[in-house]
Amino acid sequence: MEPGFTYVYFNKRKNFGRQPMFSEVPVTLIDSIHPDKSEQNLYCLRNPVNHETQTSNNCSNHYVNTKITTYCDQGVEHVEGGWPKDVSLNDEEATFRYRRRTEREEMYCNAIMNTYSQFEHYIQQNNAINMYNMYFKEIDSQHPVEKYSIRTGKVSTDKDKRPVASICWTCEDDSKLVAAYCNKKYPITGDVNKNFECFVWDIEYPKEPYEYFKPPSACWQIVCSPSFPKVIFGGLQDGRVSIFDIREQNEPVVLSPMHLAHRDPVSTLQFMHSRLNTEFFSGSSDGKCMWWDIRNMSQPTDELIMSVRYPSIDKASLADSEGVSALQFDRSFPTKFLCGTDTGLVINVNRKGKSHAEIMSAVLNAHIGPVRAVHRSPCSAKIFITCGDWTTNVWSDDVRTAPIICGKAQRNQISDVIWAPHRVSGYMSVSIDGRFRYWDLLRKHHEPVLAVKISKYPLSKVIMNENNHLIAVGDMNGTLKLIRLSENLVWSEEKDKSLMMQCFERETRREHILETRVKEIRLKQKAEEEAEFELVDEDIIIRNAEIDYLRTITEEKQKCDTFTDRSGDRSHKMPAR
């Protein structure tokens, strides 16, 4: 051991203690303490012993005699009286003349003025609650009774970290999640998408893809067949539409011809609920919508140019079209659909219209930038929601000037929005700040009831499965997350639908009133401008112009005469000098 780890101490021998010397000796009584009789008398033995124990709080009943209030229902027969005999009660004109004659009398005025204070007291009692007054300001606001919560489930991530372009659920009992990955940026220096594989994920085993399929180009949109779970439709970056049957092969089974495809990438794809479930239609930023039939993909069955600003004389062309960014089809309107454009418009299209103006039945200025999503409400088919730029708005087919419910502008752009399928007053939105928000129009109007940050990357898509109430959310890092909502965010209460319908009707009526008022103001301004124009007489204008002309000539002549006189004086004085 090194010297640095030793310690030396000293102690005297006398402090060590003495060695004990043990030996056997007989028992010796050292001391004996006898019992004290006086102390023994203080205690007594009880046999048996009874003891009660109370483990609950003491409660007592009190009886108080209160006054008994007796209620009874009693009807009153009101008979209008006080009219003279010569005045018939049923004759409105006679009663009006008598009332007008009585109101002019001085005694009537004095009686009204004397009873004014008493009437005002009664009126103030009836108007005790002022809807514009803030009552109980000092009381702190209570937290809501309902508690909302979500749980983030299993996560699936793409190995190449490609952004999630589109997601959908397969139509089967054990639903699978289909995801397409691609970067939608414009290729300035080169193609930004090199891996075109799309995956089918099993939510029970999210570590590895369940199936995969490989399109010939980057897949921008996907949609699953409602009849065959293994059949998937995809919209490609080169403008073509492809059909995949993952039971047979991973390559596309059918491809639309290139010369009949869109000129730009397929930005949206929508399946139509027809009798045979064989029809779907696509939209692209080239400004055209195409209808396809699975049984014959050699050419589209119909096409429509989304042009709303072309001259009435010319035909609609792609030069005047609006780029399609979102489509929505509802089975309750088999001949109509909603189209969102890159310029912020929402077009209500009627395919059975005879002219192009009848086909584009309504055009709404929805957002500043592109319309990201448009969906019909499960509560009412006339109500739909849109998202774009920084807001989400609720619209009605009966109002074309403004949304009936304007959403609050957020600090970050909103990427996608969907309605809650079973809760009529709720909808969900995702934004580029990585937050998932749940809104309830009946509980809170201007702020979400639940806002949770679920990713540090921008969120791109959100979709809900109606069978198991799971929500799939995709972000720009290729991650798919599953969210499960609490029961009070999934199901509606008994009166929610009726209350929501009343809210929609009230807001629609309010917008109609505002629209009518704006029209009246514009007509009044136009009439005033026309009246001012009519007051101006042409003869008066000509006469005033002649007077101005003659006055100008007279002034010029006076100036010339003055200059001539001064010149003559100078010439007269020159010889004298």
Side-chain angles (χ1 to χ4, degrees), residues 163-168 180-187 191-193 196 198 215-223 232-244 252 254-272 279-294 297-310 315-329 337-349 351 356 359-360 363 366-367 369-375 386-388 415-416 460-461:
V164 178
S166 179
I167 51 179
C168 66
Y181 304 89
C182 74
N183 196 336
K184 296 183 179 181
K185 291 183 180 180
Y186 185 78
D191 194 0
V192 295
N193 298 308
F196 302 149
C198 302
S217 178
C219 187
W220 279 40
Q221 289 292 327
I222 54 173
V223 63
I232 302 171
F233 302 86
L236 306 183
Q237 187 177 5
D238 56 7
R240 292 183 293 176
V241 177
S242 60
I243 301 177
F244 300 89
V254 181
L255 268 174
S256 62
M258 180 64 76
H259 66 281
L260 296 176
H262 292 281
R263 299 183 182 182
D264 289 342
V266 178
S267 58
T268 178
L269 203 65
Q270 191 72 27
F271 210 92
M272 299 179 63
E279 297 180 4
F280 66 97
F281 64 111
S282 60
S284 174
S285 56
D286 62 352
K288 186 188 295 186
C289 287
M290 291 185 178
W291 282 260
W292 306 87
D293 196 331
I294 304 174
M297 292 289 293
S298 60
Q299 61 180 1
T301 58
D302 193 9
E303 62 180 27
L304 177 63
I305 297 176
M306 308 304 296
S307 178
V308 295
R309 296 170 178 167
Y310 73 97
K315 291 183 65 176
S317 64
L318 292 178
D320 304 316
S321 62
E322 307 288 339
V324 179
S325 61
L327 291 174
Q328 194 280 334
F329 177 81
F337 67 93
L338 294 174
C339 174
T341 66
D342 291 335
T343 55
L345 302 178
V346 174
I347 307 173
N348 196 343
V349 184
R351 294 180 63 191
H356 193 79
I359 293 175
M360 307 293 173
V363 180
H367 298 280
V371 178
R372 303 294 183 184
V374 53
H375 297 285
T386 62
C387 77
S415 305
D416 198 4
S460 57
K461 291 293 180 180

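Position 1 is the first residue of the sequence, and the numbers go up from there.
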K.L.:
Once rounded to the nearest 0.5 Å, what's the spacing between atom CD1 of I167 and atom CD of Q221?
P.N.:
10.5 Å
K.L.:
So N193 and Y181, side chain to side chain contact (heavy atoms under 4.5 Å, CB included) or not? Walk me through it.
P.N.:
CA-CA 9 Å; N193 298 308; Y181 304 89; over 6 Å; no
K.L.:
Looking only at non-hydrogen atoms, find the nearest pair between V349 and M306 and report the distance.
P.N.:
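For V349 and M306, the tightest heavy-atom pair comes out as CG2-CE, 3.6 Å.
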K.L.:
To the nearest 0.5 Å, how far apart are CD1 in I243 and CD1 in I232?
P.N.:
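It is 11.5 Å, given to the nearest 0.5 Å.
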K.L.:
Please check: side-chain N/O of S285 versus main-chain N/O of D264, any donor-acceptor pairing under 3.5 Å?
P.N.:
no
K.L.:
Not counting sequence neighbours, which residues clear side chain to side chain donor-acceptor pair (under 3.5 Å) with S284? List them please.
P.N.:
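Testing S284 for side chain to side chain donor-acceptor pair (under 3.5 Å), a comparison that skips the adjacent residues, returns D286.
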K.L.:
Using the test salt bridge (Lys or Arg N to Asp or Glu O under 4.0 Å), find all partners of R351 that sit at least two apart in sequence or belong to another chain.
P.N.:
D302
K.L.:
Can you tell which of E303, Q299, M297, M290 makes a side-chain contact (heavy atoms from CB on, under 4.5 Å) with L260?
P.N.:
Q299
K.L.:
In Å, rounded to the nearest 0.5 Å, how long is the span from CD1 of I347 to CZ of F337?
P.N.:
8.5 Å
K.L.:
If you look at every heavy atom in L345 and V363, which pair is closest and at what distance?
P.N.:
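Minimum heavy-atom contact is CD1-CG1, 4.1 Å.
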K.L.:
Identify the heavy atoms of A261 and G239 that sit nearest to each other, and give their distance.
P.N.:
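The pair with the smallest heavy-atom distance is CB-O, 3.3 Å.
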K.L.:
Kindly compute the distance separating CZ (R372) from NE2 (H367), expressed to the nearest 0.5 Å.
P.N.:
10.5 Å
K.L.:
Under the rule for side chain to side chain donor-acceptor pair (under 3.5 Å), what residues qualify as partners of S282, not counting sequence neighbours?
P.N.:
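By the side chain to side chain donor-acceptor pair (under 3.5 Å) rule, S282 matches H262, W292.
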K.L.:
Indicate the atoms forming the closest heavy-atom contact of V324 with C289, along with that distance.
P.N.:
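V324 and C289 have their closest heavy atoms at CG2-SG, 4.0 Å.
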K.L.:
Backbone N or O of D320 within a donor-acceptor pair of the S307 side chain at under 3.5 Å?
P.N.:
yes
K.L.:
Any side-chain heavy-atom pair from W220 and K184 closer than 4.5 angstrom?
P.N.:
yes
K.L.:
Identify the two heavy atoms, one from C219 and one from C198, that lie closest to each other, and give their separation to 0.1 Å.
P.N.:
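Taking every non-hydrogen atom into account, CB-SG, 3.8 Å.
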K.L.:
Is it true that a side-chain atom of T301 and a backbone atom of D293 form a donor plus acceptor pair closer than 3.5 Å?
P.N.:
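No.
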K.L.:
Roughly how far, to the nearest 0.5 Å, is CG of L327 from OG1 of T268?
P.N.:
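T268 atom OG1 to L327 atom CG measures 4.0 Å (nearest 0.5 Å).
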K.L.:
Compare all side-chain heavy atoms of S325 with those of V371 and state whether any distance is below 4.5 angstrom.
P.N.:
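Sidechains of V371 and S325: in contact.
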K.L.:
Which residues satisfy the salt bridge (Lys or Arg N to Asp or Glu O under 4.0 Å) test with R240, sequence neighbours excluded?
P.N.:
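Partners of R240 under the salt bridge (Lys or Arg N to Asp or Glu O under 4.0 Å) test: D238.
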K.L.:
Heavy atoms, side chains only, cut-off 4.5 Å: are I294 and F233 in contact?
P.N.:
yes
K.L.:
Can a donor-acceptor pair be found, under 3.5 Å and without considering hydrogens, that links the side chain of Q270 to the backbone of F281?
P.N.:
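Not confirmed, Q270 side chain does not pair with F281 backbone.
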K.L.:
Taking side chain to side chain donor-acceptor pair (under 3.5 Å) as the test, write out the residues that go with D416, two or more places apart.
P.N.:
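D416: no side chain to side chain donor-acceptor pair (under 3.5 Å) contacts found.
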K.L.:
Could you list the residues that satisfy salt bridge (Lys or Arg N to Asp or Glu O under 4.0 Å) with E322, not counting sequence neighbours?
P.N.:
R309
K.L.:
On a heavy-atom basis, which atom in L236 and which in P215 lie closest, and how many Å separate them?
P.N.:
CD2-CB, 3.7 Å
